[in-house]
Each structure stands twice: as structure tokens, then as C-alpha cells.
Amino acid sequence: MTNKVLDRVRDLLPAIRERAVQAEEQRRIPDATIAELTAAGVFRMLQPARFGGAEASPVAFYEVIRAIATACPSSAWVASVLGAHPWQLALFDDRAQQDVWAENPDTLVSSSYAPTGKLTAVEGGYEICGRWSFSSGCDHAQWVFLGALVPSDQGMDYFTVLVPRSDYVIEDVWDVSGLAGTGSNDIVIDKAFVPAYRAYSAEDQANLVGPGQELNTAALYKISFGSVFSNTITAPIIGAAQGAYEAHIARQRERVRLSYGGQKVAEDPFAHVRIARAASEIDAAILQMERNIGEQLRYAEAGEEIPFESRLRARRDQVRGTERALEAIDLLFKNSGGHSIRRPNPIERHWRDAHAGSVHAINDVERALAMFGKGAMGLEVTDRML
């Protein structure tokens with residue numbers, strides 16, 4: 001199936017690549033890039049059709065994100081996170097969807113899912129307060145998803161709540177060595193009211209259900225949150241490795257062309273082996289991602305329950321996908337020699353950005369692999385990111 005958004009995005013890559021340094025210097029994605037990606041339809045790929053969305057496959061969405069990352073990983077990271085949120089909003093009560101999209105279907109939502117805030121049950125909903133970190137692309141969004149805990153008889157219940165820009169303050173704290181352009185600043189709320197319909201429970205999330213499914217009936221909205229969100233983080237990292245690979249190959253071919261006969265450069269077998277290993281790791285990461293998401297979609301389209309084993313495997317391969325991308329980019333970084341540490345060089349930027357992305361909590365390799373191992377042995381596995 002033709003990915004029309006990808007075709008449009010490819011035409012944007014030269015300009016996005018040119019703005020990569022600007023993104024790092026400004027510590028946020030340039031407005032021009034957000035405007036171009038919006039016009040290209042990136043942020044509507046996973047949005048419900050009734051709000052002008054494409055209801056595209058996440059496989060196609062991740063392909064677009066990887067392409068953006070070849071030019072600027074920070075831009076891809078923000079595009080991936082903000083572009084995945086319409087999928088989650090589609091699971092919320094229709095009133096929440098209307099709040100965000102009724103007047104402007106291009107309205108964006110950022111997020112900070114760690115439950116560092118507090119919810120207190122009040123009449124009609126909740127009172128929320130607290131501070132949340134790492135809200136990527138928040139300067140470009142008018143709403144935010146926030147994780148918070150609610151005291152209950154069982155201890156604490158986890159919710160994701162939807163809060164408008166008028167109820168929170170963005171504090172500029174983003175000063176980092178990798179993914180510097182993502183503008184992942186803090187969200188601060190002193191006190192705000194959240195209607196009950198703008199809260200989505202972790203229990204519903206784990207059971208793959210949500211009130212929005214009554215109106216948004218596409219199979220897209222029946223696959224697992226843990227699989228969609230986790231690959232939303234890994235896709236830009238794989239794309240960063242792809243971009244480093246492309247830059248490295250272009251550099252090596254130019255060295256061959258400029259050398260006297262290209263003998264020394266062209267016949268270095270160790271360099272060739274590193275290139276082959278890097279290419280293989282990138283391909284493996286992409287193929288596993290597409291296999292797992294495609295499989296879940298097929299189950300959903302057939303009206304069948306998604307096997308828990310499929311969800312476990314998706315998380316296993318997602319963290320391995322991040323690992324494979326890092327292995328590839330490390331090989332390319334070393335293969336480039338001293339050239340790779342010069343700024344502005346896409347290889348060093350992509351190396352920094354990929355490693356920065358790898359420390360996201362969803363990339364906790366041992367945790368995800370342990371879950372798969374427990375499941376394979378027939379032991380109970382409980383995790384809200386499955």
C-alpha cells in the first residue's frame with residue numbers, strides 16, 4: 001500500500017536536515033518543521049477519520065517517523081510522540097475528543113506519563129496538582145496527557161488525564177546533550193479540575209478497552225497501548241541509526257572517489273564487516289517491529305482477541321530494536337574515525353540522540369525481556385505497559 005504521507009515527508013527532509021542545528025540551538029523543534037509536518041498529514045495518521053484523520057496503520061506511521069529521523073532525530077522524536085497521541089485520545093470518552101478536535105483537528109497533545117502528580121476525587125471528576133518532566137514538544141501542544149495516582153482501597157490507581165494548556169505552566173528546563181531539540185520541558189500544575197470523562201484508567205488500558213471505541217471502531221484502536229507507545233519511542237532511534245548509516249556510506253564513497261585509486265579505503269575488510277553488521281541490525285529491528293504490529297492489526301481486523309504472547313513479543317522486540325539500533329550506530333561511529341566527532345556532523349548528532357532516546361523508561365531492556373521469559377515459562381505477567 002502506498003504511503004502518501006511518506007512521499008510528502010521525503011520532499012521535506014532536506015529542509016528538516018538543514019534545521020537540525022537550529023533545533024539543537026533553540027532546544028525545541030522549529031515552528032516551520034511542525035507546520036510542514038502538520039501540512040503533510042503526519043499528526044493525523046493515527047487520528048480517527050471522523051476528525052479528519054487517516055486511521056493509518058502504525059506500521060506506516062513508524063515508517064514516516066524513521067524517515068524524519070534520518071534527517072533530524074529530535075524532529076522525529078517529537079513527531080512520533082505527538083503523532084501517537086491522537087491514537088490514545090481516540091480511546092477516551094467522545095467528550096474529551098470533542099474538547100480537543102472539534103474546533104481544530106490539527107490541535108496537538110503532548111504528554112508526561114510518569115505518575116508524579118496527584119489526583120484527588122472531587123464531585124464530577126478530580127483535582128490535580130504536581131510537576132511532570134520530559135514532556136516532549138509541549139511548546140507546540142495545546143493539551144497534555146499526564147500520569148497521576150488516585151488513592152483507593154487497593155492502594156493507588158493509575159490514570160492518564162487530559163489537561164488543557166490554560167491549566168498548566170511550562171517550565172523551560174531542557175538543557176541536555178542528546179535529543180536537545182525536543183523541548184522536553186516540565187509541566188507544572190498548582191491546582192486544576194479534571195472532569196471524569198477526561199481520565200483514562202490503567203485497568204482499561206491493560207484490557208485494551210476504552211469508551212472511545214464505541215465510535216472509533218477501526219481495528220487500529222483495538223491493539224495494545226504497550227505495543228503502540230513503546231514502538232513510538234523506538235522508531236526514531238532506529239531512524240537515527242538509518243540516518244547515520246546513510247551519512248556514513250555517503251562519506252565513505254566520497255573518500256573512495258577522492259583517493260588515489262581508492263585502494264586503501266575500498267579494500268578495508270574490517271570496515272566492510274562493520275557496515276554489514278550495522279545494516280543487518282537496522283533491518284532486523286525494522287522487520288520485527290513491522291511483524292509484531294502487523295500481526296496485532298490482523299487479529300483486531302478479524303475481531304479476535306490479541307494473544308498475550310503477541311503483546312509480550314512486541315515488547316521484547318521493541319527493546320531489542322533499540323539495542324540493535326544502538327549497536328549499529330556504535331559500529332558506524334567507530335568506523336568513521338575522528339571524522340565522527342566533528343560538529344556539525346550527522347553521525348555524532350545521531351549517535352548522541354540515539355543514546356539519549358535509549359534511556360527512556362520504556363527501553364528498560366531487562367524488565368521487558370524478563371516479562372517475556374516469565375510468560376514463556378507460563379508464569380503470570382502483569383505490567384501496565386503491555
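The shown structure was predicted, so the numbers you read here are calculated from the model rather than taken from an experiment. Heavy-atom basis, side chains included; hydrogens, waters and symmetry copies ignored.
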Could you go step by step and tell me if Arg27 and Asp172 meet the salt bridge (charged side-chain N to carboxylate O under 4.0 Å, His left out) rule?
CA-CA 9 Å; Arg27 297 177 295 111; Asp172 186 351; 2.7 Å; yes
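For the 3.5 Å distance criterion, the side chains of Gln97 and Asn216 qualify, holding a donor opposite an acceptor. A side-chain donor-acceptor contact under 3.5 Å links Tyr197 and Asp99. Defined by atom type and a distance below 3.5 Å, a donor-acceptor pair is missing between the side-chain atoms of Ser112 and Ser135. Side-chain atoms of Glu295 and Ser310 form a donor-acceptor pair, as typed in the model, at a separation below 3.5 Å. Residues Tyr245 and Glu281 have side chains that never bring a donor and an acceptor to within less than 3.5 angstrom of each other. Checking Ser133 against Asp186 by side-chain atom types alone, a donor-acceptor pair falls below 3.5 Å. Thr234 and Thr322 share a side-chain donor-acceptor pair at under 3.5 Å. For the residue pair Gln288/Arg313, the side-chain donor-acceptor check at 3.5 Å is not satisfied. Side-chain polar atoms of His85 and Ser111 form a donor-acceptor pair below 3.5 angstrom. Defined by atom type and a distance below 3.5 Å, a donor-acceptor pair is missing between the side-chain atoms of Gln318 and Ser227. If you check the side chains of Trp77 and Ser136, you find a donor sitting under 3.5 Å from an acceptor. With hydrogens and angles left out, the side-chain atoms of Asp330 and Trp351 include a donor and acceptor closer than 3.5 Å.
Remark: the backbone N or O of Ile347 is paired with a side-chain donor or acceptor of Asn345 at under 3.5 angstrom. Side-chain atoms of Lys334 never come within 3.5 Å of backbone atoms of Ile329 as a donor-acceptor pair (strictly under, hydrogens ignored). Here the side chain of Thr38 pairs a donor or acceptor atom with the backbone of Ile34 at under 3.5 angstrom. Here the side chain of His140 pairs a donor or acceptor atom with the backbone of Ile29 at under 3.5 angstrom. Remark: side-chain polar atoms of Asn363 are not paired, donor with acceptor, to backbone N or O of Val319 under 3.5 angstrom.
Crowding of Arg277 atom CZ: a count of heavy atoms from other residues, nucleotides or ligands under 6.0 Å not exceeding 12. Atom CG of Asp190 is surrounded by 12 or fewer heavy atoms from other residues, nucleotides or ligands within 6.0 Å. In Glu301, the CD atom is crowded: over 12 heavy atoms of neighbouring residues, nucleotides or ligands sit closer than 6.0 Å. The 12-atom threshold is exceeded at CZ of Phe229, counting heavy atoms of other residues, nucleotides or ligands nearer than 6.0 Å. In this structure, Glu305 places its CD atom where only 12 or fewer heavy-atom neighbours from other residues, nucleotides or ligands lie under 6.0 Å away.
Between Arg44 and Asp106 a salt bridge is recorded (basic side-chain N to carboxylate O distance below 4.0 Å). Using a cutoff of 4.0 Å between basic side-chain nitrogens and carboxylate oxygens, Glu290 and Arg66 are scored as salt-bridged. Between Glu36 and Arg19 there is a salt bridge, since at least one side-chain N of the basic residue sits less than 4.0 Å from a carboxylate O of the acidic one. Ion pairing between Arg320 and Asp317 fails under the 4.0 Å rule for side-chain N and carboxylate O. A salt bridge between Arg352 and Glu24 is present, with a side-chain N of the basic residue lying under 4.0 Å from a carboxylate O of the acidic one. A salt bridge between Glu127 and Lys118 is absent, with no side-chain N of the basic residue lying under 4.0 Å from a carboxylate O of the acidic one.
Heavy atoms only, all atoms of each residue included: Arg384 and Pro115 are closest at NH2-CD, 4.0 Å. Residues Phe92 and Leu162 share a closest heavy-atom pair of CE2-CB, 4.2 Å.
Ring orientation note: the planes of Phe159 and Tyr126 are tilted relative to one another, at an angle of 30° to 60°.
Applying the salt bridge (charged side-chain N to carboxylate O under 4.0 Å, His left out) rule to Asp139 yields the partners Arg28; only residues at least two apart in sequence or on another chain are considered.
For Phe145 and Tyr200, the distance between ring centers is not under 6.0 angstrom.
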